There are 4 protein chains.
Amino acid sequence: MSTPARAQRADARSNRARILDAAEEVFGRGGASASTEDVARLAGVGIATVFRHFPTKAGLLDTVLARRFERMLERAEAVAGSEDPASALFEMFTAIVTDAPGKIALAEALDEVTGGADGAASQAERASAQLRQAVGVLLRRAQEAGAVRADIELPELYALLIGMSRSTAVARLESGIQAKALGVVFDGLAAPGYRRRSNTM
Amino acid sequence: MSTPARAQRADARSNRARILDAAEEVFGRGGASASTEDVARLAGVGIATVFRHFPTKAGLLDTVLARRFERMLERAEAVAGSEDPASALFEMFTAIVTDAPGKIALAEALDEVTGGADGAASQAERASAQLRQAVGVLLRRAQEAGAVRADIELPELYALLIGMSRSTAVARLESGIQAKALGVVFDGLAAPGYRRRSNTM
Amino acid sequence: MSTPARAQRADARSNRARILDAAEEVFGRGGASASTEDVARLAGVGIATVFRHFPTKAGLLDTVLARRFERMLERAEAVAGSEDPASALFEMFTAIVTDAPGKIALAEALDEVTGGADGAASQAERASAQLRQAVGVLLRRAQEAGAVRADIELPELYALLIGMSRSTAVARLESGIQAKALGVVFDGLAAPGYRRRSNTM
Amino acid sequence: MSTPARAQRADARSNRARILDAAEEVFGRGGASASTEDVARLAGVGIATVFRHFPTKAGLLDTVLARRFERMLERAEAVAGSEDPASALFEMFTAIVTDAPGKIALAEALDEVTGGADGAASQAERASAQLRQAVGVLLRRAQEAGAVRADIELPELYALLIGMSRSTAVARLESGIQAKALGVVFDGLAAPGYRRRSNTM
DNA sequence: AATGAATGAGAATTCATTCAT
DNA sequence: AATGAATGAATTCTCATTCAT
């Protein structure tokens, strides 16, 4: 008896994953205007199945976005121990920016759907906060290594990070342009006397 | 004889202005999901009056956004002749970034509504291109004055500008944070040896 | 003082005529879906002027249609005295059928607008009844002349007339086809032994 | 296992049928001006259900009209093998004419809604073409049997058919009148010497 | 647990008709 | 008398969410 139950759970788990993948694709491309039915179609399940797993569209978006932040968080943790803390920071910065298209569409979809209600996006908010914290660690390390100006704090670093992410997502920049813009930011962050390796970006 | 005609036009003109103001407010806050009826309500006119003045929602958004770019353009032209070209550029940069919240919501609403169809947003596109050009002029002047690195070109400057605008709009930054982030960007842009006046922002 | 009044009346009269012509054109082409504003535009007057002359769309359509029936009535009266009563009837029949496109669009527009309410189209109904009567006279004459079967009465003749009119209007027949179809009807109407002149149609 | 799937489908199928019936009634009476909401109300379903089954009003009308032509086509095929080809043709003609009220309102509604765009009414067009072809067969048989004049071809026969249909639909003729008018047409079609059985109509 | 059909609350847009000048 | 701006009711269609199987 427990075996069939397990089998079903496995089914359900795989459906859940398929739905999340489909939602990431669909909302990442079409933003808030994409419909939940499109997600179901792409996932190959019925619409009711989507709603069984995620009772509201906002919940679905929240989960998708959280997953995406979590993936980034893993990368951040992976580079956290790097012996070149400056490169670690700049590489992470670049990685987040590069990942931005799609993620931002998701974030805006979520925003549109929740109407900005506080806490409506709790999973994503938590994951995003964790990522922020991890970036904070990278920042501190880079500062301790003398690579980044000491008067920089996380809020302004994050403002720059968000900005460059949005810029990339919105303007469909040639990568050369994006690299140059990031170069300016990194130069601005660098401690006096620190020489960034120009291929960093 | 011309008076009655004028009188009507004055009425219509004032309604048109009220509608534009209302639309700027409503869509600036609520983005694409805000409804044209909300605009009508806030403007204190009937829904059909909105559609008489702006036959499509896209047209209304286009006009509102164009107006906003035009206001910025005026500022750009005002500082163009400044005898301190570096300050002129950085002040303009700051002004555009500060103006961003609302404008960005408008831009995204327009995008959502047009579905990205080319030319569907012609007024706004034209005005935006003019602003970009004007910023290009400020950049060249600042470079000629030796204040900004010579290897910077307009596309990357604009990428930074858009990014910081988005950042400001999205993160509802405290102005202190925003100023610090801008400081980093400006430092990254500055020619070696150029000393920005720290109160620039 | 009376002169200016007269002048105005002349103005008004010419406006009225222009509106009627425009309405005939616009509704004759576009049916009920055409808008009263289109009429005003084509007539070169303001929309309020149209409504001053014809307080409802139904009233306007009624008048236009009545005018059209009246024109036909004049033709019917013109041929009434013909010394070849059979030709007179068949020619009148053909004339009405040929005039049908446009008239039918008007009739249907009127119908759609009134929702079939009785008496809502009184002018047109009266004029149409007069035309019917005039055709009745032509029928009787043709029967007295031995050209048309004696057992035919006005209602069935009119059914045929309406049918062929609708057919012409709807099917955009080549005139050769229409002529052949009319030929069948005329043959069916002809008294035994009567030889229609084949160019009748 | 298949039962639940079937059950749903049965539900949906019955709704679909109810919607089609309601649409036939509503548009057959009210023409294009009738609203899809009226259809929903009469069918006893929500408005969205109508749109789920027929994503556009034009599609709904197309299907309703096609169904109606198909019913007629069945009759045409039923009489095609009759051993009295003349009666077969005249009976079919009469049947089509008698069926006209309602059908014509549907056709005009469809026309209004599609704006005459080609192919927008494909199902109905196809079914109508099939019916025409079937009538063509009946005509040929009747001519071969010597009952109908040899110089008649399908286009003019169809012009007459359409005309008498419209006439019936528009004028709400007493059946006696309609019969007499049809009698005229049939006499006009009959080959010289052929004696129609007077009860044909 | 999964399905797909059903639902009603909007949203943009149009139009006949009325008002103010 | 003429104008054109304003109005609100109506219409088609979409979507998140719920129900029945």
Side-chain angles (χ1 to χ4, degrees), chain A residues 4-5 7-9 11-12 15 32-38 40 45-58 60 113, chain B residues 1 3-16 32-38 40 45-58 60 113, chain C residues 4-5 7-9 11-12 15 33-38 40 45-58 60 113, chain D residues 3-16 32-38 40 45-58 60 113:
Chain A
Q8 295 213 272
R9 249 186 227 156
D11 249 43
N15 268 349
S33 65
S35 81
T36 311
E37 292 237 23
D38 286 340
V45 303
I47 178 70
T49 302
V50 175
F51 275 90
R52 165 174 286 279
H53 283 283
F54 304 94
T56 66
K57 190 185 186 180
L60 172 56
V113 156
Chain B
M1 265 148 266
T3 314
R6 286 249 174 128
Q8 293 244 235
R9 254 188 223 148
D11 248 44
R13 214 179 308 150
S14 106
N15 266 346
R16 196 187 133 97
S33 64
S35 82
T36 311
E37 290 231 28
D38 288 339
V45 302
I47 178 69
T49 301
V50 177
F51 278 92
R52 158 174 274 273
H53 284 281
F54 304 93
T56 64
K57 190 184 187 182
L60 173 55
V113 155
Chain C
Q8 296 212 272
R9 250 186 225 156
D11 249 43
N15 267 348
S33 65
S35 81
T36 312
E37 292 235 24
D38 286 340
V45 303
I47 178 69
T49 303
V50 175
F51 276 90
R52 164 174 288 277
H53 284 283
F54 304 94
T56 65
K57 191 186 187 181
L60 172 55
V113 156
Chain D
T3 314
R6 287 249 173 130
Q8 293 245 236
R9 255 189 223 148
D11 249 45
R13 214 179 310 148
S14 106
N15 267 346
R16 195 186 133 96
S33 65
S35 82
T36 310
E37 291 230 27
D38 287 339
V45 301
I47 177 71
T49 300
V50 176
F51 277 93
R52 158 176 271 273
H53 283 281
F54 304 94
T56 64
K57 190 184 186 181
L60 173 55
V113 155

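Only a predicted model underlies this, so the values are computations on that prediction, with no experimental measurement involved. Order of the sequence lines fixes the chain letters, A, B, ..., with proteins taken first and strands second; residue numbering starts at 1 for each chain.
- For A:Asn15 and E:dA2, the shortest distance from a side-chain N or O to OP1 or OP2 is below 4.0 Å.
- Protein atom CG of D:Asp11 is 10 Å distant from nucleotide atom P of E:dT7, rounded to whole Å.
- Between E:dC15, F:dT12, E:dA11, one nucleotide has an atom nearer to the side chain of B:Ser35 than all others, and that is E:dA11.
- Partner assigned to F:dC13 is E:dG10, using Watson-Crick or G-U wobble distances below 3.5 angstrom.
- Rounded to the nearest 0.5 angstrom, B:Thr49 OG1 and B:Arg16 CZ are separated by 14.0 Å.
- Listed pair C:Thr36 / E:dA16 meets the phosphate criterion, a side-chain N or O lying under 4.0 Å from OP1 or OP2.
- Between C:Arg52 and the phosphate of F:dA1, there is a side-chain N or O to OP1/OP2 separation shorter than 4.0 Å.
- Nearest approach of C:Val50 to C:Ala40, heavy atoms of both residues: CG2-CB, 3.7 Å.
- For the pair A:His53 and E:dA1, the criterion of a side-chain N or O lying under 4.0 Å from OP1 or OP2 is not met.
- Toward the 5′ end of DNA chain F lies the nearest nucleotide of C:Ala48, the other residue of the pair A:Phe51 and C:Ala48 mapping further downstream.
- Closest approach of A:Lys57 to A:Phe51, counting heavy atoms only: N-CE2, 4.4 Å.
- F:dG8 is paired with E:dC15 under the Watson-Crick or G-U wobble criterion, all donor-acceptor distances under 3.5 Å.
- As a whole-Å value, the separation of A:Phe54 CZ from F:dT18 P is 16 Å.
- D:Asp38 has its CG atom 11 Å from the C1' atom of F:dA10, to the nearest Å.
- Here the closest heavy-atom approach between residue C:His53 and residue C:Asn15 is recorded as NE2-CB, 4.0 Å.
- Distance CD (D:Glu37) to P (F:dT12): 8 Å, rounded to an integer number of Å.
- As judged by a 4.0 angstrom heavy-atom cut-off over every strand, A:Ala34 is placed among residues touching the sugar-phosphate backbone only.
- Here the closest non-hydrogen pair linking B:Ala58 and B:Val113 is CB-CG1, 3.5 Å.
- The 5' end of DNA chain E is approached more closely, in terms of each residue's nearest nucleotide, by A:Gly46 than by the other of A:Gly46 and B:Ala32.
- With the nearest nucleotide of DNA chain E identified for both B:Ile47 and D:Val45, D:Val45 has the one nearer the 5' end.
- You'll find that the side chain of B:Lys57 is closest to E:dA12, out of E:dA12, F:dT12, E:dA16.
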